[in-house]
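Some notes on the structure that comes next.
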Amino acid sequence: MKSPTRVLFVCLGNICRSPSAENVMRHLVNEANITHKIELDSAGTAGWHTGKSPDSRMSAAAAKKSYAMKGRARQVKPNDFVKFDLILAMDQSNYDDLTVVRADCHTPHAKLQLFCDFCTEHDETEVPDPYYGGPEGFDYVIELLEDGCGHLLNQIRSGKVD
Ligand code: 4NP
């Protein structure tokens, strides 16, 4: 395993899905005692919520499963494609927007993938945007993230992501 492996999770606003992905993954990395081997961050393709804490509805869904939600929103930037090894988009629209950001990076290094490529127990291609829906949407985000982050951790540990 390349050390550390740097993973960036990206959604639209960086206040719901991607900070949850970062914090669910951080929980798994802490439990596995490999904090020195994996670096995590999250960002949004849009800058509307820059500096804000995660959405309270998202934090409530995370707290039900004992995940602490930390961090402040930031917008993704071209240099993230230099700094990170793997950039995981929550949905196809995020992915498409990220290809535009990548085009502004002179020396892109990061592999860009959809987060749901790592889901093994759910037949989804996207983590659905919960922002305009009810609480069940936020719970489902956590469920998908637990699935994908578990597999992502295994892939990184077995050297299949570098
Ligand atoms: P996220 O959710 O991309 O998962 O952080 C959203 C957050 C904010 C908005 C949309 C989605 N918004 O329209 O402000």
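Atoms within each ligand, like the ligands themselves, are counted from 1 in listed order. All residue numbers in this chain count up from 1 along the given sequence.
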### Query
Going by the order shown, which atoms of ligand 1 are within less than 4.0 Å of some heavy atom of Ile15?
5 (O), 7 (C), 8 (C)
### Query
Who's closest to atom 2 (O) of ligand 1 heavy-atom-wise, of Thr45, Asn94, Asp129, Leu12?
Asp129
### Query
Of all the non-hydrogen atoms in the protein, which one sits nearest to atom 13 (O) of ligand 1, and at what distance?
Tyr132 OH, 3.2 Å
### Query
So, Lys83 and Asp41, do they make that salt bridge, N to O below 4.0 Å?
no
### Task
Identify the protein heavy atom lying closest to atom 7 (C) of ligand 1, giving its residue, its atom name and the separation to 0.1 Å.
Tyr131 CD1, 3.4 Å
## Note on the structure
If you scan protein heavy atoms around atom 1 (P) of ligand 1, the nearest is Cys11 SG, 3.5 Å
### Query
Does Asp55 approach ligand 1 within less than 4.0 angstrom via side chain, backbone, both or neither, non-hydrogen atoms only?
neither
### Fellow cluster residues of Ile15, listed by chain then number, with links counted only when side-chain atoms sit under 4.5 Å apart
Tyr131, Tyr132
### Query
Around Asp123, counting heavy atoms of other residues, nucleotides and ligands shown, do more than 12 lie under 6.0 Å from its CG?
no
#### Entry: Plane angle bin for Tyr140 and His122 - parallel if under 30°, tilted between 30 and 60°, otherwise perpendicular
perpendicular
### Message
Using a 3.5 Å distance criterion without hydrogens, assess whether the side chain of Asp85 forms a donor-acceptor pair with backbone atoms of Arg6.
### Response
yes
## Note on the structure
ligand 1 atoms nearer than 4.0 angstrom to some heavy atom of Cys16 are 1 (P), 2 (O), 4 (O), 5 (O)
### Query
Is any NZ, NE, NH1 or NH2 atom of the basic residue among Asp80 and Arg74 found under 4.0 Å from an Asp or Glu carboxylate oxygen of the other?
yes
### Query
Taking distance alone, with no angle check, do Pro130 and ligand 1 share an N/O pair under 3.5 Å?
no
### Query
With only distance considered, is Trp48 within less than 3.5 Å of ligand 1 through an N or O on each side?
no
## Note on the structure
Within 4.0 Å of some non-hydrogen atom of Gly13, the atoms of ligand 1 are 1 (P), 3 (O), 5 (O)
### Message
Please give me the minimum heavy-atom distance between Ser20 and Met58, naming the atom from each residue.
### Response
OG-CG, 3.1 Å
### Query
Has His49 got any heavy atom lying under 4.0 angstrom from an atom of ligand 1?
yes
### Task
Apply ring pair (Phe, Tyr, Trp, His ring centres under 6.0 Å) to Phe138 and list each qualifying residue two or more places apart in sequence or on a separate chain.
none
